[in-house]
Amino acid sequence: MITEIKDVPPQIVAFKAIGEVTHEDYTNIIVPAVQKLVSQTDEINFILYLDTDINFTDSACYQDALLGLKNLGNWNRAAIITDSSNIISFTKAFSYIIPGEFKGFSKENDEEAILWVSNKT
């Protein structure tokens with residue numbers, strides 16, 4: 001399940017993944033919020049807080065979500081917050097595939113992630 005995190009700066013969309021994450025979570029929750037942000041700011045500043053056991057290399061849903069969003073606007077910064085060092089490492093690779101900056105953060109550095117995504121660091 002994905003829920004939107006509301007207490008972030010207005011130029012950011014942020015989400016938390018808990019338990020089983022479905023493709024519908026992305027299409028019904030993430031996509032509309034990102035479209036709204038793009039219409040307001042003309043860029044995407046995005047945070048995904050993973051509070052679930054997702055095996056990133058096997059998670060087509062996760063890859064599909066990020067790649068599927070690439071045409072919705074101009075990526076600026078995206079952070080994935082997780083305890084998985086594999087996901088943190090893999091997230092950086094998106095900067096080479098999709099325009100914008102992508103960075104992984106550990107859960108203990110979630111406030112740093114918000115500052116980074118909001119261009120305050």
Side-chain angles (χ1 to χ4, degrees):
M1 176 171 86
I2 291 186
T3 57
E4 189 169 359
I5 300 170
K6 298 288 190 179
D7 60 341
V8 294
Q11 74 273 23
I12 295 175
V13 288
F15 307 93
K16 185 173 188 175
I18 303 169
E20 183 180 3
V21 176
T22 66
H23 181 71
E24 288 77 20
D25 289 330
Y26 290 104
T27 58
N28 296 332
I29 297 170
I30 292 179
V31 171
V34 170
Q35 287 175 326
K36 181 179 177 185
L37 179 68
V38 168
S39 73
Q40 295 171 342
T41 66
D42 200 35
E43 68 181 11
I44 300 171
N45 293 302
F46 180 92
I47 295 174
L48 179 59
Y49 187 103
L50 294 177
D51 203 12
T52 187
D53 293 329
I54 292 179
N55 183 335
F56 186 76
T57 58
D58 295 333
S59 179
C61 187
Y62 179 76
Q63 291 176 332
D64 182 53
L66 286 179
L67 294 174
L69 292 172
K70 72 179 180 179
N71 294 318
L72 292 177
N74 300 322
W75 281 100
N76 184 41
R77 286 189 170 177
I80 307 302
I81 302 169
T82 179
D83 282 336
S84 169
S85 59
N86 289 338
I87 293 175
I88 289 172
S89 297
F90 194 78
T91 299
K92 186 176 179 181
F94 275 95
S95 289
Y96 300 107
I97 299 168
I98 299 173
E101 296 178 79
F102 291 77
K103 191 172 179 181
F105 291 85
S106 65
K107 288 181 182 177
E108 63 195 28
N109 294 321
D110 61 342
E111 290 182 23
E112 179 185 340
I114 293 169
L115 289 173
W116 181 78
V117 171
S118 62
N119 293 307
K120 294 187 177 179
T121 61

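Below, each value reflects all heavy atoms present in this structure, side chains not excepted, and no hydrogens, waters or symmetry copies. Only a predicted model underlies this, so the values are computations on that prediction, with no experimental measurement involved.
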Contacts of type side-chain hydrogen bond (donor to acceptor under 3.5 Å, both in side chains), residue Thr41, not counting sequence neighbours: none
Ser89 side chain vs Asn86 backbone, donor-acceptor pair below 3.5 Å: no
Candidate pair Ile114 and Asp110, rule side chain to side chain contact (heavy atoms under 4.5 Å, CB included), full reasoning: CA-CA 6 Å; Ile114 293 169; Asp110 61 342; 5.6 Å; no
Close side-chain approach of Ile29 and Thr3, heavy atoms under 4.5 Å: no
Residues in side-chain hydrogen bond (donor to acceptor under 3.5 Å, both in side chains) contact with Lys107, at least two apart in sequence or another chain: Asp51
side-chain contact (heavy atoms from CB on, under 4.5 Å) partners of Asn76, counting only residues at least two apart: Glu43, Asn45, Asn119
More than 12 heavy atoms from other groups under 6.0 Å of CD on Glu111: no
Which residues share a side-chain hydrogen bond (donor to acceptor under 3.5 Å, both in side chains) with Asn28, sequence neighbours left out: none
Non-hydrogen atoms of Ala113 and Ile81 that approach each other most closely: CB-CD1, 3.7 Å
Within one Ile-Leu-Val-Met-Phe-Trp-Tyr cluster: Ile88 and Ile47, side-chain cutoff 4.5 Å: no
Results of ring pair (Phe, Tyr, Trp, His ring centres under 6.0 Å) for Phe105 - residues two or more places apart only: Trp116
Shared hydrophobic cluster, Ile30 / Val38 (ILVMFWY, side-chain heavy atoms < 4.5 Å): yes
Trp75 and Phe46 aromatic ring geometry - parallel, tilted or perpendicular at 30°/60° bounds: perpendicular
Asp83 CG to Ser106 OG distance, which is reported to the nearest 0.5 Å: 7.5 Å
From Ile87 atom CD1 to Thr82 atom OG1, the distance as rounded to the nearest 0.5 Å: 4.5 Å
Inter- and intrachain pairs under salt bridge (Lys or Arg N to Asp or Glu O under 4.0 Å), touching residues 88-103, at least two apart: Arg77-Glu101
Show me the donor-acceptor pairs, under 3.5 Å and distance only, between side chains in residues 7-18 and residues at least two apart or in other chains.
none

